[in-house]
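What follows is a short report on a single structure.
Small disclaimer: the values here were computed from a predicted structure and weren't measured.
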Amino acid sequence: MPSTVLLNPDNSPLRTLTLSRLQLDQDAPVCTVETQGEEFLLYSLIGTVDVCEAVDDGEMQGWGTLGTRRTVTEPGPAVLWFPAGPERLLQVELVDFSADLLLASTPVLAPSGPMRPQRPQIWSHQVGAGTHQREVREVMTPAGCSLSCGETMNIPGGVSSWPPHANAEDLAKFQAGVTTWEEAFWIAAPSPGLAVLDGYYADRTPVHQVIRLENGHAYCMPLGSHMAYAAPDSYLYYAWFYRGNALQKQYRKYADDVGVYRK
């Protein structure tokens with residue numbers, strides 16, 4: 001099966017979040033996804049797939065096609081979101097030349113909201129200025145769901161995830177167990193970038209280090225600061241996924257919202 005687990009609580013400092021990658025081509029055009037009732041989403045990086053689900057009578061319920069773009073530098077990610085509740089058996093079938101998708105999932109103790117998959121709205125925000133100007137494509141979390149996701153495109157040599165999202169009060173609540181947070185990035189970049197990590201992972205392990213952000217790799221990110229630097233000759237793209245209540249990101253809405261993007 002053309003599916004690879006990238007990050008989960010068994011191989012990284014995550015509590016509930018799992019990030020997998022589905023890669024389809026002409027030699028392996030079909031992938032089966034079986035779930036146990038967790039919330040999950042299919043995040044199209046490139047390519048087009050057809051998604052259908054086995055139902056009680058053995059027939060397949062079609063949920064339509066997902067994805068259109070051929071490179072992550074183009075706008076317009078596509079997401080199909082499956083709320084927690086029933087166990088599911090999905091078939092993801094290639095429509096295009098090839099397709100590359102991420103699958104993020106998390107268990108939910110008390111599912112709420114509609115059980116049908118959702119196609120959320122996606123908004124593009126221009127964030128920052130100068131060397132830290134970047135485009136953030138934010139996927140709106142459907143009602144009753146707990147994951148958040150989106151993607152960021154850094155200009156060559158540019159910096160993102162700055163200024164730090166979490167302040168001292170946010171970190172103190174997290175360390176005390178009042179709040180939760182877990183976050184993961186998946187990277188695409190012609191040349192490796194860097195991330196400066198200063199904060200706490202989901203299991204409250206402290207981290208203070210600089211890491212390379214390699215093309216095609218996934219990384220856990222801490223609550224605190226995780227400035228991401230693109231190489232001078234290369235854009236830096238990352239798809240991001242998080243769960244928790246330690247932060248509430250807020251992008252500019254009105255003309256006098258200047259110099260801010262996070263509450």
Could you state the interatomic distance from [atom1] ([X]) to [atom2] ([Y]), rounded to the nearest 0.5 Å?
| X | Y | atom1 | atom2 | value |
| --- | --- | --- | --- | --- |
| Glu38 | Thr16 | CD | OG1 | 11.0 Å |
| Leu66 | Leu80 | CG | CG | 6.0 Å |
| Met221 | Phe185 | CE | CZ | 5.0 Å |
| Asn154 | Tyr229 | CG | OH | 11.0 Å |
| Ile155 | Tyr235 | CD1 | OH | 14.5 Å |
| Ser105 | Leu42 | OG | CG | 10.5 Å |

Mind checking whether [X] and [Y] sit in one hydrophobic cluster, side chains of I, L, V, M, F, W, Y counted as touching below 4.5 Å?
| X | Y | result |
| --- | --- | --- |
| Leu102 | Val72 | yes |
| Leu94 | Ile46 | no |
| Val79 | Leu17 | yes |
| Val207 | Tyr242 | yes |
| Val139 | Leu147 | yes |

Is the closest side-chain heavy-atom distance between [X] and [Y] below 4.5 Å?
| X | Y | result |
| --- | --- | --- |
| Leu14 | Leu19 | no |
| Leu7 | Phe241 | no |
| Ser3 | Leu22 | yes |
| Val49 | Val51 | yes |
| Gln118 | Leu41 | no |
| Phe97 | Arg70 | yes |
| Leu223 | Leu247 | yes |
| Trp240 | Val136 | yes |

If you compare all heavy atoms of [X] against all heavy atoms of [Y], which two are closest, and at what distance to 0.1 Å?
| X | Y | result |
| --- | --- | --- |
| Pro77 | Ile122 | O-CD1, 2.9 Å |
| Arg134 | His132 | NH1-O, 2.7 Å |
| Tyr201 | Cys220 | CE2-O, 3.7 Å |
| Asn8 | Val5 | ND2-CG1, 3.5 Å |
| Leu197 | Ile211 | CD1-CD1, 3.9 Å |
| Glu214 | Pro192 | OE1-CG, 3.5 Å |

Is there a donor-acceptor pair closer than 3.5 Å between any side-chain N or O of [X] and the backbone N or O of [Y]?
| X | Y | result |
| --- | --- | --- |
| Asp233 | Ser191 | no |
| Glu135 | Met153 | no |
| Glu39 | Ser146 | yes |
| Asn215 | Ala189 | yes |
| Arg69 | Gly67 | no |

Just say parallel, tilted or perpendicular for the rings of Phe82 and Phe40, cut-offs at 30° and 60°.
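Phe82 and Phe40: parallel rings.
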Cut-off 3.5 Å, no hydrogens considered: what does the side-chain donor-acceptor table look like for residues 86-93, sequence neighbours left out?
{"unit_1": "Arg88", "atom_1": "NH1", "unit_2": "Glu53", "atom_2": "OE1", "d": "3.0"}
{"unit_1": "Arg88", "atom_1": "NH1", "unit_2": "Glu53", "atom_2": "OE2", "d": "3.0"}
{"unit_1": "Arg88", "atom_1": "NH2", "unit_2": "Met115", "atom_2": "O", "d": "2.4"}

Going by ring pair (Phe, Tyr, Trp, His ring centres under 6.0 Å), name the pairs with one or both residues in residues 9-36, residues two or more places apart or in two chains.
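Found none.
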Quick test of your reading of the model: are Glu151 and Arg137 salt-bridged, counting only N-O distances below 4.0 Å?
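A salt bridge links Glu151 with Arg137.
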Would you please say whether a donor-acceptor pair under 3.5 Å links the side chains of Arg243 and Thr106?
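Side chains of Arg243 and Thr106: pair found under 3.5 Å.
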Ring centres under 6.0 Å, that's the criterion: do Tyr219 and His226 meet it?
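Not under 6.0 Å, so no.
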Yes or no on side-chain contact (heavy atoms from CB on, under 4.5 Å) for Thr141 and Trp81, after CA distance, side-chain angles and deciding distance?
CA-CA 9 Å; Thr141 300; Trp81 211 302; 3.9 Å; yes
Give the table of side-chain donor-acceptor pairs shorter than 3.5 Å for residues 172-181, with sequence neighbours excluded, one pair per line with atom names and distance.
{"unit_1": "Gln175", "atom_1": "NE2", "unit_2": "Tyr200", "atom_2": "OH", "d": "2.9"}
{"unit_1": "Thr179", "atom_1": "OG1", "unit_2": "Phe174", "atom_2": "N", "d": "3.4"}
{"unit_1": "Trp181", "atom_1": "NE1", "unit_2": "Glu183", "atom_2": "OE1", "d": "3.0"}

